[in-house]
Protein chains: 2
Amino acid sequence: MMELTRKGEYAIRGILYLARQPQGKLSLVGEIAAASGVPKTFLAKILQDFTKVGLVYSFRGTGGGFSLARTPDRITLREVVEAVEGPILPNRCLIGAGSCENDSSCLVHPVWKRVRDEIVTILDGVTIEELAGEDHPT
Amino acid sequence: MMELTRKGEYAIRGILYLARQPQGKLSLVGEIAAASGVPKTFLAKILQDFTKVGLVYSFRGTGGGFSLARTPDRITLREVVEAVEGPILPNRCLIGAGSCENDSSCLVHPVWKRVRDEIVTILDGVTIEELAGEDHPT
DNA sequence: CTATAAAAAGACAAAAAAGGTCCTTTAGGT
DNA sequence: ACCTAAAGGACCTTTTTTGTCTTTTTATAG
């Protein structure tokens, strides 16, 4: 349970590829897909998600492509995952008021809140620069 | 993402019902289902899962039913959730060696391990006695 | 030893989500 | 005008979730 979907994995691979490119260079969907072993059309959707939340820039037409919108040290793993999978919500309770009829009496509720907070804290603490490794010794 | 399934929710509701019954009393599937608002046949499967991992006792035939196999203070939320949803594994990487071809070079790997460990720690720290509330003031 | 009660086991099925493809449209460059 | 590449949307397939139904096993009561 609690598993990251394939989409989430692909998203990480895709953004890591971008993070490893020289600053400002544009990459094509096909190029990223081939390099990171992700189905091209599927990756295209993922990149669209990234653009929507402002993680990457996209440019159309000849000479177009994708690049990070920020330096890799200012993009967290949480942002990447949430961009394609939506907010981290281990339990439906946490979504809104009405969804948990138990509400204040629901003692399970605060447990899931703790779980969410912990996950968020961990993922927020990891930048994709750290994950990309290599090209930034120390 | 990272959402508990309905089955997991039902499992919690079901075991909380059992936890609130007088020690040693047997409850029928139908009774638990009605009281906790869970489809009866679905709950039956969940209770079978519980029995398999030894969380509850089951007795067939007239006068049969289900009861907890341990006192509620010795059953953790983690056990309940894992009984029906399998082990907590936020990422496929963590399952086995071969599944993550990156292996040691995969820097994402240790992050998911931390996430799993945190979730497990939290869920292990909550007993269903605490969740059942009421009948054990303080 | 037969009828009844209740869980166990397993086959089946509908609904939702995940995973992925394809085609058309829009925007940008030559 | 024509080409290039992303955006958007329709569509499809597979898998998982969420169940149901039927048959079998086990236990009890008469």
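Below, all heavy atoms of this structure are taken into account, side chains as well, without hydrogens, waters or symmetry copies. Reminder, nothing fancy here: chain letters follow the sequence lines and each chain counts from 1.
The nearest whole Å value for the distance from the CG atom in B/Leu26 to the P atom in C/dA5 is 17 Å. Following rounding to the nearest Å, A/Ile46 (CD1) and D/dG8 (C1') show an atom-to-atom distance of 16 Å. Look at CD on A/Glu85: it is 12 Å from C1' on C/dG19, rounded to the nearest Å. The distance between atom NZ of B/Lys40 and atom P of D/dT22, rounded to the nearest whole Å, is 13 Å. Counting to the nearest Å, the P atom of D/dA6 and the CG atom of A/Leu55 are 17 Å from each other. Distance, A/Leu43 CG to C/dT21 P: 12 Å, rounded to whole Å. Whole-Å rounding puts the A/Arg6 CZ to D/dT15 P distance at 10 Å. At whole-Å resolution of the value, CZ in B/Phe42 and C1' in C/dA16 are 13 Å apart.
For C/dA7, the OP1/OP2 oxygens have no side-chain nitrogen or oxygen of B/Thr51 closer than 4.0 Å. Put simply, A/Thr62 has no side-chain N or O that comes within less than 4.0 Å of OP1 or OP2 on D/dT4. At least one side-chain nitrogen or oxygen of A/Tyr10 sits closer than 4.0 Å to the OP1 or OP2 atom of C/dG20.
Hydrophobic clustering of Ile, Leu, Val, Met, Phe, Trp and Tyr side chains at less than 4.5 Å, counting indirect connections, unites A/Val81 with A/Ile122. Residues B/Val84 and B/Tyr57 do not share a hydrophobic cluster, clusters being chains of Ile/Leu/Val/Met/Phe/Trp/Tyr side chains in contact below 4.5 Å.
Which of D/dA7, C/dC22, C/dA8 sits closest to the side chain of B/Gln48 comes down to C/dA8. Comparing atom distances between the A/Arg60 side chain and each of C/dT26, C/dG20, C/dA8 picks out C/dT26 as nearest. Looking at the side chain of B/Leu28, the nearest of the listed nucleotides C/dA6, D/dA6, C/dA8 is C/dA6. Which of C/dA7, C/dT21, D/dA6 sits closest to the side chain of A/Pro39 comes down to C/dT21.
Note on A/Thr5: only backbone sugar-phosphate atoms sit closer than 4.0 angstrom, heavy atoms only; bases stay farther off. At a threshold of 4.0 angstrom between heavy atoms, the contacts of A/Gly30 with the nucleic acid are absent. Note on B/Lys7: only backbone sugar-phosphate atoms sit closer than 4.0 angstrom, heavy atoms only; bases stay farther off.
Salt-bridge formation is detected for the pair B/Asp117/B/Lys113: a Lys NZ or Arg NE/NH1/NH2 atom is positioned less than 4.0 Å from an Asp or Glu carboxylate oxygen.
With DNA chain C read from its 5' end, the first of the two nearest nucleotides for A/Thr41 and A/Gly63 is the one closest to A/Thr41.
Within 3.5 Å, a donor on the side chain of A/Lys45 pairs with an acceptor on the base of D/dG9, or the reverse.
The main-chain N or O of B/Ser27 is never found under 3.5 Å from a side-chain atom of B/Gln21 such that the two would form a donor-acceptor pair.
There is a side-chain donor-acceptor pair under 3.5 Å between B/Glu85 and B/Thr5.
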